[in-house]
Amino acid sequence: MEPAEYDLMDAAEDGMWWYRALHAQVLAALDAARPGPGRLLDAGCGTGGFLARLRERWPDRAAMGLEYHPAAAARAAAKSGRPVAIGSVNDLPFADASFDAVVSLDVLCHAAVDTDRALAEMRRVLRPGGVLVVNLPAFAWLHSTHDIRVQNARRFTARGAAAMLDGAGLQRVRPHYWNSLLLPLMVLQRKVLARAPDGRSDVATFPPWLDHSLYAMCRLERLLQAGGLPFPAGGSVLATALRP
């Protein structure tokens, strides 16, 4: 991403509805997968929002980040109080079987990432039985100026994500769509209202009433998911898998 996009992320991720909803989805996935008590890696941690949320939820959990952009890595370490290594997900600077869990949020979609190589690296650093959690933007037809701004080169379906993780040698792959109730608004915003090629990304500060309303919809959706209601489409795909 461009430095300006890191600035936007750093300013927005503590409070913006999208980040809060994403982090809640990932924490719920980790709760369900029950990784071992060892270290957790946030691979491509940006400016550290999820690491900070993880510290709030599980303050005693050993966790660290990895980020390619040095300035973002420094921000992430300061924000989260966790160590952050500088490096690429294409070549993780960690020993084999170093982590009980690896989380990677909207990273495999990035233009600079070789998805096959990155997944092979994530599998390598996981211990046997370790948990991988990835979040991915959904549906190629949703590609928009937002993707251009944050340098997303690919978007995924749940079936495609499952095939990709299975092909990487992972097991018990479980993908699901989320940000489903808000998908019509997402389509309106990205395909109708913000079609200009020089438009900005969707990362922004929203009026409090709107931010609260959007997050409430995501929370309702999460409760429906927990009750067993599947959604056939959504703005994102979240998937969990285990290293055999």
Side-chain angles (χ1 to χ4, degrees), residues 13 18-46 48-58 61-67 76 80 82 84 89-90 92 94 97-110 113 115-116 118-138 152 154-180 218 221-222 225-226 230-231 234-244:
E13 64 182 346
W18 156 255
Y19 287 106
R20 288 189 292 140
L22 170 61
H23 297 162
Q25 285 278 342
V26 177
L27 290 173
L30 288 170
D31 274 336
R34 296 182 179 180
R39 292 193 302 165
L40 179 147
L41 172 67
D42 185 351
C45 66
F50 179 71
L51 282 174
R53 196 81 66 186
L54 189 71
R55 182 194 61 196
E56 294 171 3
R57 178 68 175 274
W58 293 310
R61 174 134 206 154
M64 68 175 300
L66 174 120
E67 174 54 44
S80 68
R82 296 291 187 260
V84 177
V89 295
N90 295 329
L92 294 175
F94 307 112
S98 298
F99 297 94
D100 276 349
V102 173
V103 169
S104 191
L105 308 181
D106 296 304
V107 173
L108 295 175
C109 52
H110 195 272
V113 173
T115 53
D116 291 340
L119 280 172
E121 283 290 277
M122 292 175 193
R123 183 186 185 280
R124 178 183 65 78
V125 301
L126 276 171
R127 296 189 178 107
V131 176
L132 175 65
V133 181
V134 297
N135 193 71
L136 307 162
N152 283 346
R154 56 195 73 89
R155 301 180 71 93
F156 299 81
T157 63
R159 180 177 295 180
M164 178 178 67
L165 295 174
D166 184 71
L170 297 161
Q171 295 180 348
R172 293 178 60 185
V173 179
R174 296 178 179 173
H176 71 267
Y177 290 108
W178 72 277
N179 202 13
S180 302
C218 293
E221 179 182 304
R222 198 165 65 251
Q225 288 174 338
F231 289 92
S236 294
V237 178
L238 189 135
T240 60
L242 300 182
R243 177 182 172 175

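On a predicted model such as this, the values are computed, not experimentally measured, just so you know.
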Trainee: Does the side chain to side chain contact (heavy atoms under 4.5 Å, CB included) test come out yes or no for D100 and R61, once each step is laid out?
Mentor: CA-CA 11 Å; D100 276 349; R61 174 134 206 154; 4.0 Å; yes
Trainee: Taking all atoms of both residues into account, what is the closest heavy-atom pair of V107 and G44, and its distance?
Mentor: CG2-O, 3.6 Å
Trainee: For residues 234-244, which side-chain N or O atoms pair as donor and acceptor with protein atoms under 3.5 Å away, sequence neighbours left out?
Mentor:
from, atom 1, to, atom 2, distance (Å)
R243, NH1, R123, O, 3.2
R243, NH1, R124, O, 3.3
R243, NH1, L126, O, 2.6

Trainee: Atom CG in D116, atom CG in N90: separation rounded to 0.5 Å?
Mentor: 10.5 Å
Trainee: Looking at S80 and A76, would you say the former's side chain and the latter's main chain have a donor-acceptor pair under 3.5 Å?
Mentor: yes
Trainee: Side chain of E121, backbone of V89: donor and acceptor closer than 3.5 Å?
Mentor: no
Trainee: State, yes or no, whether a side-chain contact exists between L40 and V102 at a heavy-atom distance under 4.5 Å.
Mentor: no
Trainee: To the nearest 0.5 Å, tell me how far R172 CZ sits from L165 CG.
Mentor: 14.0 Å
Trainee: Checking R39 now: which residues fulfil salt bridge (charged side-chain N to carboxylate O under 4.0 Å, His left out) with it, not counting sequence neighbours?
Mentor: none
Trainee: Hey, does the side chain of T157 reach the backbone of G160 with a donor-acceptor pair shorter than 3.5 angstrom?
Mentor: yes
Trainee: Indicate yes or no for a side-chain donor-acceptor contact from D42 to the backbone of G65 under 3.5 Å, with no hydrogens or angles considered.
Mentor: no
Trainee: Please confirm whether the backbone N or O of G49 pairs with a side-chain atom of E13, one donor and one acceptor, at under 3.5 Å?
Mentor: yes
Trainee: Considering non-hydrogen atoms only, spot the tightest contact between C109 and R154 and give its length.
Mentor: CB-O, 3.2 Å
Trainee: Please check if atom CZ in R57 has more than 12 non-hydrogen atoms from other residues, nucleotides or ligands closer than 6.0 Å.
Mentor: yes
Trainee: Counting C-beta onward and ignoring hydrogens, is there a side-chain heavy-atom pair between L30 and P35 closer than 4.5 Å?
Mentor: yes
Trainee: Working to the nearest 0.5 angstrom, can you tell me the gap between Q171 CD and D166 CG?
Mentor: 8.5 Å
Trainee: Verify side chain to side chain contact (heavy atoms under 4.5 Å, CB included) between L41 and F94, making sure each step is shown before the conclusion.
Mentor: CA-CA 10 Å; L41 172 67; F94 307 112; 3.8 Å; yes
Trainee: Find the distance between CZ (R174) and NE2 (H176) and round it off to the nearest 0.5 Å.
Mentor: 12.0 Å
Trainee: Could you pull out the closest heavy-atom pair between L108 and F156, with the gap in Å?
Mentor: O-CZ, 4.2 Å
Trainee: Looking only at the side chains, is there a donor atom on one of H23 and E56 sitting less than 3.5 Å from an acceptor on the other?
Mentor: no
Trainee: From S180 OG over to E221 CD, what is the distance, rounded to the nearest 0.5 angstrom?
Mentor: 4.0 Å
Trainee: Show every donor-acceptor pair shorter than 3.5 Å between a side-chain atom in residues 130-138 and any protein atom, with sequence neighbours excluded, or say none if there are none.
Mentor:
from, atom 1, to, atom 2, distance (Å)
N135, OD1, W178, NE1, 2.8
N135, ND2, D106, OD1, 3.3
N135, ND2, D106, OD2, 3.2

Trainee: How many angstroms lie between CZ in F50 and SG in C45, if you round to the nearest 0.5 Å?
Mentor: 11.0 Å
Trainee: Check the pair L66, V84 against side chain to side chain contact (heavy atoms under 4.5 Å, CB included), reporting the backbone distance first and the verdict last.
Mentor: CA-CA 5 Å; L66 174 120; V84 177; 5.9 Å; no
